[in-house]
Amino acid sequence: METLKKYYWKWAGMLLLVYTMYMGFAGQVPRQAILNETVRNLYFHVTMWFSMIALLGVSVYHSIQYLRKSDPMDDLKSNAYVITGLIFATLGLITGSIWAKFTWGDWWTNDPKLNSVAIGMLIYLAYGLVRSSLPDEQQKARISSVYNIFAFIIFMVLIWILPRMTDSLHPGNGGNPGFNSMDLDNRMRMVFYPAILGWMSLGFWYAQLRIRIRKIEVLLEEKEQV
């Protein structure tokens with residue numbers, strides 16, 4: 001019972017994901033032209049991006065905290081959330097590519113939002129290169145913290161602002177209507193919002209596991225140096 005109380009949000013997240021998976025493949029969805037059954041991907045593709053943004057946002061918070069306090073734990077947490085955010089970004093790209101194949105006829109189109117996401121991913125991959133190229137731990141933490149803050153700002157501009165300023169196939173961008181009452185009816189909302197919470201909880205759970213593992217590695221490294 002004590003374990004259940006302590007990790008209630010993890011259990012709740014797993015239940016939400018089981019519910020999402022079941023409803024995502026077996027639940028009722030509205031029938032719309034072009035989208036048809038692919039609208040089910042809304043529970044996976046879009047929620048992955050929401051989770052990614054939340055994880056990267058938390059990583060920026062810890063980067064700011066490191067610059068304020070120079071606590072190595074903040075750098076460790078920031079890095080863990082960046083890595084987890086990139087995993088969800090990759091899953092978002094994969095699910096988006098599958099959706100594009102069935103609705104747009106190609107795995108990847110010359111769409112401003114798709115290209116912006118690709119650029120943003122490269123920016124974050126460079127974050128990993130920056131960390132791996134700096135041997136001094138304090139310098140690595142300081143530079144990567146500054147880099148992470150600016151990378152997040154640029155990424156948000158790339159995926160939220162620029163696609164809205166030009167033609168885009170994505171819903172809600174370039175004059176295209178977003179998901180509204182015609183597509184996202186009350187039945188889908190009953191799955192979509194819990195799905196966001198479920199995927200986010202999985203992301204934060206995974207990030208915490210990375211943090212715990214890294215803490216153990218740091219302790220072992222310190223013991224070896226003694």
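Everything numeric here is computed off the predicted structure, so don't read it as measured data.
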Shortest non-hydrogen separation from [X] to [Y] and the atoms involved:
X	Y	answer
S70	P72	O-CD, 3.4 Å
I123	I154	CD1-CG2, 3.7 Å
Q208	W9	OE1-CZ2, 3.7 Å
Y147	A126	OH-CB, 3.2 Å
I211	A80	CG1-CB, 3.5 Å
S63	I149	CB-CG1, 4.1 Å

Test log, rule side-chain contact (heavy atoms from CB on, under 4.5 Å), inputs F88 and L56: CA-CA 10 Å; F88 274 78; L56 294 180; over 6 Å; no
To the nearest 0.5 Å, how far apart are [atom1] in [X] and [atom2] in [Y]?
X	Y	atom1	atom2	answer
M121	L93	CE	CG	5.0 Å
L17	L202	CG	CG	6.0 Å
S201	Y206	OG	OH	15.0 Å
S145	D74	OG	CG	8.5 Å
R189	L42	CZ	CG	10.5 Å
R142	D136	CZ	CG	7.5 Å

Decide yes or no for [X] and [Y]: does some side-chain heavy atom of the first lie under 4.5 Å from some side-chain heavy atom of the second?
X	Y	value
T20	F192	no
T84	F204	no
P194	Y19	yes

message: side-chain contact (heavy atoms from CB on, under 4.5 Å) for Y193 and L197? Distances and angles first, verdict last.
response: CA-CA 7 Å; Y193 297 122; L197 295 177; over 6 Å; no
No-hydrogen, no-angle side-chain donor-acceptor test under 3.5 Å, N148 and S59: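 A donor-acceptor contact under 3.5 Å links the two side chains.
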query: How about T95 and H45: does a side-chain donor come under 3.5 Å of a side-chain acceptor?
result: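 Short answer, yes.
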message: Between R68 and Q65, is the side-chain hydrogen bond (donor to acceptor under 3.5 Å, both in side chains) condition met? List the steps.
response: CA-CA 5 Å; R68 289 180 58 208; Q65 289 296 100; 2.8 Å; yes
Count I, L, V, M, F, W, Y as connected when their side-chain heavy atoms are under 4.5 Å apart, and connections chain through other members. Are [X] and [Y] then in the same cluster?
X	Y	value
L158	L122	no
M200	Y81	yes
L15	F25	no
W160	I153	yes
V82	V157	yes

- request: Just do the side-chain contact (heavy atoms from CB on, under 4.5 Å) check on F155 and I53 with the steps written out, would you?
  value: CA-CA 10 Å; F155 195 29; I53 292 170; over 6 Å; no
- prompt: Between R214 and D75, is the closest basic N to carboxylate O distance under 4.0 Å?
  reply: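 Judged by the 4.0 Å cut-off on N to carboxylate O distance, D75 and R214 do not form a salt bridge.
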message: Take a 6.0 Å sphere around CD of E217 and say whether it holds more than 12 heavy atoms from other residues, nucleotides or ligands.
response: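 Result for CD/E217: enclosed.
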query: Within 45° of the axis and under 6.0 Å from the centre of the six-membered ring of W108, does NZ or CZ of K101 qualify?
result: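 Ring-cation test returns no.
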Whether the side chain of [X] engages the backbone of [Y] through a donor-acceptor N/O pair (distance < 3.5 Å, no angle test) should be reported.
X	Y	result
W199	Y43	yes
R40	G27	yes
S116	I159	no
T90	L86	yes

message: Check for me whether the distance between the ring centres of F152 and Y124 falls short of 6.0 Å.
response: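 Distance test on ring centres: not under 6.0 Å, no.
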message: Working note: H62 + L76, criterion side-chain contact (heavy atoms from CB on, under 4.5 Å); need CA distance, chi angles, decisive distance, verdict.
response: CA-CA 9 Å; H62 286 292; L76 187 154; over 6 Å; no
